[in-house]
Number of protein chains: 2
Amino acid sequence: MSSSDSKKTPPRITSTAEFARYIGLARTTVSRVLNRQPGLKQSTIDRVHHALTETGFTPNAYATLLKGKSTSSIGICLENLLTPPILLKLATLQRQLRSQGYTSLIEVYAHGESRNILRHFLSMRVEAVIFIGHFDAGELETRIRELIGHKTPNLVIDHHGIPLANTVTLDRAQAMREMMNHLLELGHRSFGLLGIPLEHPSRFERIHGIRAALAAHGLDLPACARSFDAQCMRTHDFEFGHALARQFLELKQPPTAYVALNDEIAIGAMRALQEAGLAIPAGASVTGFNNQDICTMMAPLLTTVDQQIEPTIKTAMQVLMSQLRDGMPARPILRTIKPELVIRQSTGRAAR
Amino acid sequence: MSSSDSKKTPPRITSTAEFARYIGLARTTVSRVLNRQPGLKQSTIDRVHHALTETGFTPNAYATLLKGKSTSSIGICLENLLTPPILLKLATLQRQLRSQGYTSLIEVYAHGESRNILRHFLSMRVEAVIFIGHFDAGELETRIRELIGHKTPNLVIDHHGIPLANTVTLDRAQAMREMMNHLLELGHRSFGLLGIPLEHPSRFERIHGIRAALAAHGLDLPACARSFDAQCMRTHDFEFGHALARQFLELKQPPTAYVALNDEIAIGAMRALQEAGLAIPAGASVTGFNNQDICTMMAPLLTTVDQQIEPTIKTAMQVLMSQLRDGMPARPILRTIKPELVIRQSTGRAAR
DNA sequence: ACCATTTGCGGACAGGTGTCCGCGTCAAGC
DNA sequence: GCTTGACGCGGACACCTGTCCGCAAATGGT
């Protein structure tokens, strides 16, 4: 319904004033239409909208937001290691934010760069900052303090134990407890830990859960579980798991069950065991963590722990929205997500 | 109300004027320090920087950028289906952009939303827009035209054949030609295509390459290759490949080689063939596409095509930078990336 | 004590938008 | 023809920063 060919290439318009001149209205009138203010004739509104689609003009967001309108943007800082579960959380979160009208600014953490990333977020006047994954604890704590100083809501997903941070995290201790109970009921008494050192702050939760499950059965951690993490380099997880399992196979009495930090490591280990002639689960049991897609592509299907990403993000959104609505909480909000054990084919009754 | 405590909790400062008042300097002086202008005493500069780290003040990016400074931001629109290769491209691209001083605005395409996404990018006055993946061709073309109208550089990675778009894409026809030559040399003469319909615009390139390789050997596509895509739903790729392979196994004379659209489908097919008692590659050959990590986690290791993501992104950056430097090109720039065949263990001599 | 130089001050303007307000215009109803 | 609304105009101010410029104050040297 528009005009003829002469208007096929409408001019490039970069300000409301220019746009108003183009359609022969006052700048203020255009602004009123754009901001849905009352008291305008329908025909005028239509005229503006029509010219809008014709020229493709968009008001300068910087001027709009400078004027004090809420930026409706959220900063998201991602852990350096982009694993499938992390990316799935990001994608789910971004979708939900978008449906609530928020834009997300995404930055990937690089060593020592968190300060600059946060400054960028703050200069963009984001309404909240979310961290997803695991970071340097001291650095993260400093960032959280800065955010609080700026009265900007914060949220940490996954990383657990930062004093003043609002946190949503999987109960990894509980996960390991359930996994160990499962293996113990199958008769296993000797365990190989893959990627889970016995003494390391970052794996504390997992070890805690393992120890608790063993204790409940009257067993002692150092007596029946070993870890060779120090001996191998962790570069590519799959090969890491492969190398670790080979270490265990050199023992006089290898463990009957292997508990891995994640699915890739578990699969690498399964591969090494199978190459050594062990059937799974008849000869040895293997467990993963994360319940990634590959778990159902293996033979046998991998027993693992599901991170419950949907509920995690749902909870995260609740924590976030409550902060955006009611302001920052007096005490940090802590939410724990219950994991779900997924028993498949890679675990079975202990051989001896 | 805060002279004593003020050191411990510095006030939240939101403008240069406020900040200048806080440290007892003129606003213009602070601004000069922040923008590294000459003619200031070192002690003054230090004083400002010190207060800056103390209060954590950051100038409002919206005011700065409104002032006309280049926004140094690039809009990236991602295909809906977040596959590992897409995400790897995104991560690589973002890293490179950041190293050049550009910020990226990331949006995931949702059906029919491309218009809004583009408007958001334009309102943020991005300096270029990049599309990664495959989209609705008509919709994408319209967006490209809009970008050209706004004199904003564009770049499409992967999607091939949009008239006015600058494009960087893998030579998928060449990839299939090489793959087919490899299989033909191994003696294969009957092929099962998995996820690659014989007649479908989106797979045209692949079919074209397959047909060319067959023709060079004096063979005819419909006579020696079949596809059962119409019979199965493509939901989860792994199960899709599994189901497709089972269809082929019901034939009196199943093919000796299977060519899959991607690695997941290939792995699903391998699984189905192995369950049916076929050894790979002795009983049948299977090939994937993308060279994802899982290819080296399978037994046997999967023969596949590497997308050459590093060179792809490197080329993309070149195309982008040349546009940002010299303005938009007279004719669209087209760059093709040469794929690399990765021969592993899942392909072998044909049984008959 | 005087002068030259360095250094900081403060006013002014631009950049694009949102919003308020008083005023002019136009059409409809009597 | 007059009144009464409804509607659009255009001026003004605010948001925050970068930059220019004239001027005052502090500094340093002799």
Side-chain angles (χ1 to χ4, degrees), chain A residues 11-52 55-73 119-120 122-127 150, chain B residues 11-52 55-73 119-120 122-127 150:
Chain A
R12 191 167 59 120
I13 291 176
T14 54
S15 78
T16 331
E18 221 175 304
F19 179 75
R21 233 174 294 136
Y22 177 66
I23 57 175
L25 281 174
R27 187 182 73 79
T28 47
T29 309
V30 172
S31 181
R32 290 234 291 280
V33 173
L34 292 176
N35 294 287
R36 295 186 186 70
Q37 289 189 3
L40 293 173
K41 222 175 5 182
Q42 190 58 42
S43 66
T44 311
I45 296 177
D46 292 343
R47 185 146 65 110
V48 171
H49 280 140
H50 179 255
L52 221 48
T55 61
F57 166 68
T58 21
N60 187 321
Y62 295 100
T64 309
L65 298 174
L66 171 60
K67 192 61 185 68
K69 247 188 184 172
S70 134
T71 62
S72 290
S73 65
R119 287 178 70 89
H120 176 225
L122 290 175
S123 80
M124 297 296 286
R125 303 296 191 254
V126 297
E127 300 189 10
H150 282 264
Chain B
R12 190 166 60 121
I13 292 174
T14 54
S15 79
T16 332
E18 220 175 306
F19 180 75
R21 232 174 296 135
Y22 176 65
I23 56 174
L25 282 172
R27 188 183 72 80
T28 47
T29 309
V30 172
S31 181
R32 289 234 290 281
V33 173
L34 292 176
N35 294 286
R36 295 185 188 71
Q37 289 189 4
L40 293 173
K41 220 173 9 180
Q42 189 57 43
S43 66
T44 311
I45 296 177
D46 292 344
R47 184 147 64 110
V48 170
H49 280 140
H50 179 255
L52 220 48
T55 60
F57 165 67
T58 21
N60 187 322
Y62 294 101
T64 308
L65 297 174
L66 170 60
K67 192 63 187 61
K69 251 186 183 171
S70 134
T71 62
S72 290
S73 64
R119 288 178 69 89
H120 176 225
L122 290 175
S123 81
M124 296 296 286
R125 302 295 190 256
V126 296
E127 301 190 10
H150 279 83

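Throughout, protein chains are lettered first and strands after them, A, B, ... in sequence-line order, and every chain is numbered starting at 1.
Mapping heavy-atom proximity under 4.0 Å, the span of DNA chain D touched by chain B runs 5' to 3' from D:dC16 to D:dC20.
Not a single side-chain contact (heavy atoms from CB on, under 4.5 Å) links A:K67 to another residue, sequence neighbours left out. Considering only residues two or more places apart in sequence or on other chains, B:H120 meets the side-chain hydrogen bond (donor to acceptor under 3.5 Å, both in side chains) condition with B:E107. For the side-chain contact (heavy atoms from CB on, under 4.5 Å) test, residues two or more places apart in sequence or in another chain that qualify with A:T58 are B:R119, B:L122, B:S123, B:R125. Scanning for side-chain hydrogen bond (donor to acceptor under 3.5 Å, both in side chains) contacts around A:T71 gives A:S73, with sequence neighbours left out. Applying the side-chain contact (heavy atoms from CB on, under 4.5 Å) criterion to A:T14, with sequence neighbours excluded, gives A:E18. In this structure B:T28 satisfies the side-chain contact (heavy atoms from CB on, under 4.5 Å) test together with B:A26, sequence neighbours excluded. Partners of A:Q37 according to the side-chain hydrogen bond (donor to acceptor under 3.5 Å, both in side chains) rule, which considers only residues two or more places apart in sequence or in another chain, do not exist here.
The residue among B:T64 and B:A26 whose nearest nucleotide of DNA chain C is located toward the 5' end is B:A26. If you find the closest nucleotide of DNA chain C to B:R125 and to B:S43, the one lying nearer the 5' end belongs to B:S43.
B:F19 and B:F57 have parallel rings, their planes meeting at less than 30° on a 0 to 90° scale where 60° marks the start of perpendicular.
A donor N or O paired with an acceptor N or O is found under 3.5 Å between the base of C:dG18 and the side-chain atoms of A:R27.
Among the atoms of the strands shown, only primed sugar atoms or phosphate atoms (P, OP1, OP2) are found under 4.0 Å from some heavy atom of A:K41.
One interatomic measurement links the two molecules: NZ of A:K67 to P of C:dT19, which rounds to 7 Å at whole-angstrom precision.
Applying a 4.0 Å cut-off to non-hydrogen atoms, the residues of residues 28-40 of chain B that approach DNA chain D are B:T28, B:S31, B:N35, B:Q37, listed by residue number.
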